[in-house]
Amino acid sequence: MNYWLVKSEPSVWSWDQQVAKGAKGEAWTGVRNHTAKLNMMKMKKGDRAFFYHSNEGKEIVGIVEIVKEHYPDPTDKTAKFVCVDIAADKPLKKPVPLEAIKTNEKLTEMDLVKYSRLSVQSVTPEQWKLVCKMGGI
DNA sequence: GCCAACGTTGGC
DNA sequence: GCCAACGTTGGC
């Protein structure tokens, strides 16, 4: 299994809205960046991803599961980009703020720190375990 | 194909 | 609200 991290501004699409969609999930559309697109194309059904709130909160709030692999993004008129369907798995007992990641020397290599603008990122198993632990899971 | 100008993202 | 980082666009 591979691990990922997706970012969303809560004013646009929040964790609560994701949870409300249930196990069926929701299309993760609107990605217009080729690096993020390549990451989405590597996602497999059953992979897990952290759900991060950018701008407001700036913390990892929950875990989602990839429930449908990549297909053309219906909101993209140029037909160049793709989306996946994700469903809320479970919330972190304790959200992990960006600050905690930046100050943990084991996590300074996370894309969240190095490439803060990338909206779909990969996470190593080591990073995944550590963040889960920090989040109380 | 280079690069300056411009737009967007997101932390601060 | 500012600005750094980075992607995209368009003139040459």
Side-chain angles (χ1 to χ4, degrees):
Chain A
M1 173 177 326
N2 288 309
Y3 300 104
W4 311 94
L5 181 146
V6 295
K7 297 197 304 187
S8 181
E9 292 191 44
S11 61
V12 178
W13 184 253
S14 72
W15 172 251
D16 287 343
Q17 286 173 285
Q18 186 67 52
V19 170
K21 289 288 173 183
K24 188 168 172 291
E26 177 75 1
W28 192 259
T29 59
V31 172
R32 296 292 181 270
N33 173 286
H34 290 288
T35 307
K37 173 192 163 179
L38 286 173
N39 281 335
M40 286 202 291
M41 292 179 78
K42 283 188 249 172
M43 288 177 175
K44 298 289 180 197
K45 193 174 175 182
D47 281 357
R48 297 295 158 97
F50 287 129
F51 192 104
Y52 175 78
H53 274 170
S54 63
N55 266 312
E56 296 169 53
K58 283 173 286 183
E59 57 193 12
I60 296 171
V61 291
I63 293 171
V64 293
E65 178 179 350
I66 311 305
V67 292
K68 188 174 179 185
E69 291 177 19
H70 68 91
Y71 56 97
D73 183 341
T75 70
D76 174 30
K77 292 191 183 103
T78 66
K80 284 180 182 169
F81 293 95
V82 301
C83 62
V84 296
D85 284 4
I86 64 173
D89 179 16
K90 56 189 166 191
L92 295 188
K93 284 179 186 162
K94 192 172 175 298
V96 177
L98 179 64
E99 182 64 27
I101 290 165
K102 289 176 78 170
T103 53
N104 188 318
E105 62 180 21
K106 288 178 184 168
L107 295 174
T108 53
E109 290 299 307
M110 276 190 79
D111 288 349
L112 197 59
V113 180
K114 285 176 32 177
Y115 307 104
S116 63
R117 290 188 51 205
L118 184 60
S119 57
V120 181
Q121 314 179 344
S122 64
V123 174
T124 68
E126 290 76 22
Q127 292 164 351
W128 182 268
K129 281 181 199 162
L130 190 51
V131 174
C132 282
K133 202 174 167 187
M134 291 163 75
I137 293 180

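Residue numbering restarts at 1 for every chain, and letters A, B, ... go by the order of the sequence lines. All values derive from a computational prediction rather than experimental measurement.
The aromatic rings of A/Phe50 and A/Trp128 lie parallel to each other, with less than 30° between the two planes, well short of the 60° mark.
Straight-line distance from the CG atom of A/Asn55 to the P atom of C/dG1: 14 Å, rounded to whole Å. With rounding to whole Å, A/Tyr52 atom OH is found 8 Å from B/dG11 atom C1'. For the pair A/Leu118 CG and C/dC6 P, the computed distance is 11 Å after rounding to whole Å. In this structure, A/Asn33 places its CG atom 16 Å from C1' of C/dT9, rounding to the nearest Å. Protein atom OH of A/Tyr115 is 24 Å distant from nucleotide atom P of B/dT8, rounded to whole Å. Taking atom NZ on A/Lys37 and atom P on C/dC6, their separation rounds to 21 Å, with Å as the unit. A/Trp13 places its CH2 atom 17 Å from the P atom of B/dG10, with the value rounded to the nearest Å. Regarding A/Arg117, its CZ atom lies at a distance of 6 Å from the C1' atom of C/dA5, rounded to whole Å.
Counting only heavy atoms from C-beta on, A/Leu98 has its side chain closest to B/dC12 among B/dG10, B/dC12, C/dC6.
Residue A/Lys58 places no side-chain N or O under 4.0 Å from the OP1 or OP2 atom of B/dT9.
The aromatic ring centres of A/Phe51 and A/Trp13 sit 6.0 Å or more apart.
Counting heavy atoms from C-beta outward, A/Thr75 and A/Arg32 have side chains that approach closer than 4.5 Å.
No side-chain donor-acceptor contact under 3.5 Å links A/Glu9 to the backbone of A/Asn55.
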